[in-house]
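Data first, discussion second: the structure below is written as structure tokens.
As the structure is a prediction and not an experimental result, all values here were calculated from the model.
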Amino acid sequence: MATLLNLSDSDFSVRNDQSLSNRTSNRSLRVAEKERKKNEAEDPFVLALKYFSEVEVGTPVIGNDELEKNLVQVEKVALNRGLSPEALSVMLEFAMSLRMGSSPCARVLKCLLPASVVPQEAVVRAVVWLSVGKIPISTQVLFIKWVLTVFDMIDAKDRLRAIYGFIFSFVTDENLCPFICHLLYLLTRKESVRVFRVRKLLELQSKLGRQPYLLHLLSLYKVFCPELVTLSIPSRMRSGFKNHISPWKSALMGVQKRNNLQVPSSISTAFAGKDKSTSRKRKLNHLELPAMSAVTNKEPQMEQTSRRKLVPLVQIQSFSQLLENMHRIELPSQMGSLLGSSLALQYLDCVQDEAALLRLNFWLGYALHEEFLFCSDGGANQNAGEALQFLNRLLCAQHFLQEGFPSSDAFLYKFLNVWDGSLLCPQILNLLSNIPVIPSSQIKTLLFEPLMQLFFTSSLFFKCGLIECLNHMLLKWLTWHSVYALEDDLDISLNSHTSINITLSGFKDSVMDLVHFVGRLASVGLQLEGCHSLLLNFILDFYETVCDTFLKFGLPLMVMPPPGVFYTAFFATDPVSVDRLAYIMHRYKVNLTSAKSQEKVTKQAFHINRQTFRDFNHYLVFMVNGLWNSNMCYTEANLQLSEELLEKSGVPQYSTRFDLIHHPAFMSYAVDFHQKCWPGRKDMDLNSIKQSKPWSWYLEYLYTQGFDGLKDFIQNNIGRWA
């Protein structure tokens with residue numbers, strides 16, 4: 001019992017100590033709160049906010065020293081550390097409600113520099129005040145410019161989208177129209193597109209002309225509802241929306257940096273674009289990919305229209321999380337940041353969000369055109385490292401998605417006309433290889449003419465790189481055909497992000513134009529470079545792709561190499577080129593035979609040009625006569641020299657100089673074989689190899705040296721002798 005009593009006393013003592021401690025803590029909190037309220041009551045900024053929140057309607061402005069004192073205090077704090085969300089709400093309500101008339105409105109709007117985020121409720125209330133009709137038009141324009149400036153800093157967008165129709169009603173005002181269209185462009189979702197809105201924009205276009213801001217908004221409507229917008233939208237438009245942020249330019253960046261916050265990329269990019277103190281040859285400072293950040297700085301919020309909890313993409317850390325939240329993803333405020341994230345690219349590839357792709361293309365097109373196309377005469381060279389990194393990230397994204405971006409294609413078509421062939425050459429050629437199929441009517445102007453000038457005025461290595469680039473381009477075109485060709489109408493979608501289709505005949509014309517173009521480049525290029533074996537190697541790579549277009553890619557098209565390529569490869573001094581030519585001719589025969597037999601079985605209208613068979617037969621007979629029959633100078637050969645000229649050359653038995661024994665590419669192998677076959681002979685008679693058994697041994701010897709193309713050619717064309 002004594003022990004129990006002692007324990008009870010101990011517990012009682014502990015409880016008393018805790019109670020005393022709690023009372024002391026509560027007293028300290030009350031004292032601190034009282035002190036804080038006292039300090040706030042004496043804070044000039046708090047007093048200023050109280051003044052603007054309580055000022056009565058009709059209070060005079062002229063001669064009002066109290067107004068001036070409080071407004072100066074707000075401006076001082078705003079320029080130094082920015083305004084809190086509560087302060088922004090108070091000042092925005094004061095300005096738009098016109099309690100003291102319209103004269104102080106512009107000054108108040110220019111000092112609305114957010115320290116962190118902008119409350120959506122304040123913006124919605126301010127937009128509603130526009131309908132009062134007493135606000136001067138210049139103030140209305142300034143307010144919309146401010147909203148566009150801080151759009152990425154608004155903490156949510158759901159209620160703004162809820163009043164989309166109300167905002168759209170201001171589009172009829174000619175002064176507000178450019179800025180309202182920009183705001184609508186940022187707020188538009190598929191459910192926002194309605195027939196009456198499309199009609200209204202078309203009416204405005206007929207009244208105001210084809211204004212870029214109207215076309216851009218209509219293009220977004222067409223992405224969401226192509227059946228409602230029948231207007232033809234230009235594929236390459238100038239930027240329709242300008243950066244209207246000059247009143248808040250340097251001040252907002254300074255506030256964000258002093259608060260150790262990341263400056264929104266849209267603001268920093270636009271600042272660079274509008275800095276009048278810099279020259280037109282701009283630096284590449286916004287070629288850097290923006291960091292990925294959420295649209296809001298708050299926790300994931302509930303979207304009122306769909307009742308779904310949106311998850312910012314920046315919070316997704318693994319592919320499994322991406323799959324779990326695939327249809328609840330909130331895209332970042334800056335679409336350019338998607339290029340630097342593999343998870344973001346996977347999201348684009350899986351969901352095919354056309355709005356996201358449109359925004360990404362808009363950002364990418366602006367960056368490429370501003371920093372490359374208009375500054376290629378010096379700006380890009382000054383920041384080559386940054387440009388190189390940017391293009392490498394773009395290439396990684398395109399390789400991941402297995403297709404290019406329309407904005408980068410449009411950039412390349414213009415850039416090729418001013419490119420010198422050396423600036424960032426590997427990256428530009430890689431981008432060029434991702435270009436989708438170009439209609440035959442446009443391919444000459446967009447592609448062939450600038451590339452031809454570059455090819456004939458450049459070095460050997462550029463010629464090799466360009467031929468390789470065009471080979472990769474052809475491979476991707478043929479792959480798209482084999483994947484996207486439809487069985488019914490044989491229409492081919494150029495890529496998954498556009499609705500542009502091309503018929504099979506149109507696709508064949510484009511491919512044929514490309515092959516003929518490379519044939520012309522190859523023929524002249526080999527002459528210019530003295531039949532260089534490196535260039536010939538890349539050209540034969542291209543024709544290895546061309547010779548298998550039917551069996552590998554299902555394209556009913558056959559194009560033979562021009563004589564300038566065929567004879568150069570046949571007379572080459574290196575055995576690899578001759579072996580590859582033999583393989584190409586073997587594959588041509590297999591494809592032509594298969595196509596001919598399929599035409600007979602299916603009775604489809606697959607007509608192979610007779611000239612194709614004629615060219616193939618000439619090439620085949622020439623190779624067989626030259627390599628096998630030792631009869632280069634047969635009467636039907638396309639390549640003929642007069643006997644007098646051949647006799648003057650002093651070459652004995654000139655008609656046999658290009659068979660498998662005496663051909664310059666294989667003579668070293670014939671000598672080696674002769675020494676191994678007849679090691680005791682002092683005199684060397686290469687013609688002895690043509691005897692029955694040594695000849696078969698010699699062929700086997702060549703096959704063991706890795707000449708598989710030559711083996712296929714001989715076994716399929718001279719089978720009974722091989």
Side-chain angles (χ1 to χ4, degrees), residues 391 395 398-399 402-404 408-409 411-417 419-422 424-440 442-482 494-495 502 506-529 532 534-549 552-553 555 557-562 564-566 568-569 577 580 584 587:
L391 289 186
L395 284 169
Q398 291 192 353
H399 292 163
Q402 292 296 304
E403 58 188 340
S408 66
D409 300 339
F411 155 73
L412 284 173
Y413 297 144
K414 295 181 179 179
F415 185 66
L416 288 178
N417 292 297
W419 188 36
D420 60 0
S422 61
L424 301 170
C425 181
Q427 288 71 31
I428 297 298
L429 290 180
N430 279 332
L431 285 176
L432 189 63
S433 67
N434 292 326
I435 285 181
V437 182
I438 306 174
S440 180
Q442 303 176 16
I443 194 170
K444 180 179 179 181
T445 304
L446 295 178
L447 203 62
F448 293 167
E449 291 180 354
L451 288 182
M452 188 177 297
Q453 294 180 7
L454 287 169
F455 185 85
F456 293 138
T457 58
S458 59
S459 66
L460 168 67
F461 297 103
F462 179 84
K463 291 182 174 70
C464 295
L466 182 57
I467 296 296
E468 182 184 32
C469 164
L470 297 176
N471 185 27
H472 291 165
M473 181 189 298
L474 177 62
L475 274 171
K476 289 172 183 176
W477 287 12
L478 295 173
T479 303
W480 286 333
H481 164 76
S482 62
L494 295 187
N495 60 55
I502 185 170
F507 178 77
K508 288 172 60 178
D509 290 341
S510 296
V511 171
M512 188 178 298
D513 289 343
L514 178 61
V515 175
H516 286 316
F517 173 68
V518 174
R520 294 194 297 272
L521 292 184
S523 300
V524 180
L526 287 170
Q527 295 180 33
L528 293 175
E529 300 297 338
H532 200 285
L534 181 62
L535 178 58
L536 181 60
N537 178 68
F538 283 97
I539 293 171
L540 293 176
D541 279 342
F542 180 81
Y543 281 99
E544 281 187 8
T545 303
V546 176
C547 68
D548 260 329
T549 54
K552 281 190 177 180
F553 304 101
L555 182 66
L557 178 67
M558 291 289 158
V559 181
M560 298 300 297
V565 172
F566 173 81
T568 301
S577 297
R580 296 185 68 186
I584 290 172
R587 293 306 302 172

Closest non-hydrogen atoms of Leu475 and Phe553, given as atom of the first, atom of the second and distance, are CD2-CZ, 3.8 Å
If you count every heavy atom of other residues, nucleotides or ligands that lies below 6.0 Å from Phe461 atom CZ, does the total exceed 12? no
On a heavy-atom basis, the closest approach of Met473 and Leu432 is CE-O, 3.2 Å
Lys552 vs Leu478, test: side-chain contact (heavy atoms from CB on, under 4.5 Å). Steps then yes/no.
CA-CA 9 Å; Lys552 281 190 177 180; Leu478 295 173; over 6 Å; no
(Q) Between Phe538 and Asn471, does the side-chain contact (heavy atoms from CB on, under 4.5 Å) criterion hold? Intermediate values first, please. (A) CA-CA 9 Å; Phe538 283 97; Asn471 185 27; over 6 Å; no
Note: Phe542 and Val515 closest approach over all heavy atoms is CZ-CA, 4.0 Å
Does Phe455 offer a backbone N or O that forms a donor-acceptor pair with the side chain of Ser458 under 3.5 Å? yes
I'd like to know if the side chain of Thr549 and the backbone of Leu557 have a donor-acceptor N/O pair within less than 3.5 Å. yes
* Asked: Side chain of Trp477, backbone of Ile435: donor and acceptor closer than 3.5 Å?
  -> yes
Shortest non-hydrogen pair, Val546 vs Val559, comes out as CG1-O, 3.4 Å
Heavy atoms of other groups near Lys476 NZ, more than 12 under 6.0 Å:
yes
- Item | Stepwise side-chain contact (heavy atoms from CB on, under 4.5 Å) check, Phe507 with Ser510 | CA-CA 5 Å; Phe507 178 77; Ser510 296; 5.6 Å; no
- Query: In terms of side-chain geometry, is the basic nitrogen of Glu544 or Arg587 positioned less than 4.0 Å from the acidic oxygen of its partner?
  - Reply: no
Go through the side-chain N and O atoms of Ser408 and Gln398 and say whether any donor and acceptor fall under 3.5 Å apart. yes
task: Report the C-alpha distance between Cys425 and Trp419 in whole Å, list the side-chain angles of each, state the deciding distance to 0.1 Å, and finish with yes or no for side-chain contact (heavy atoms from CB on, under 4.5 Å).
output: CA-CA 9 Å; Cys425 181; Trp419 188 36; 4.1 Å; yes
Donor-acceptor contact present, side-chain Ser523 to main-chain Arg520, <3.5 Å:
no
Practice prompt. Indicate yes or no for a side-chain donor-acceptor contact from Glu529 to the backbone of Leu526 under 3.5 Å, with no hydrogens or angles considered.
Written response: no
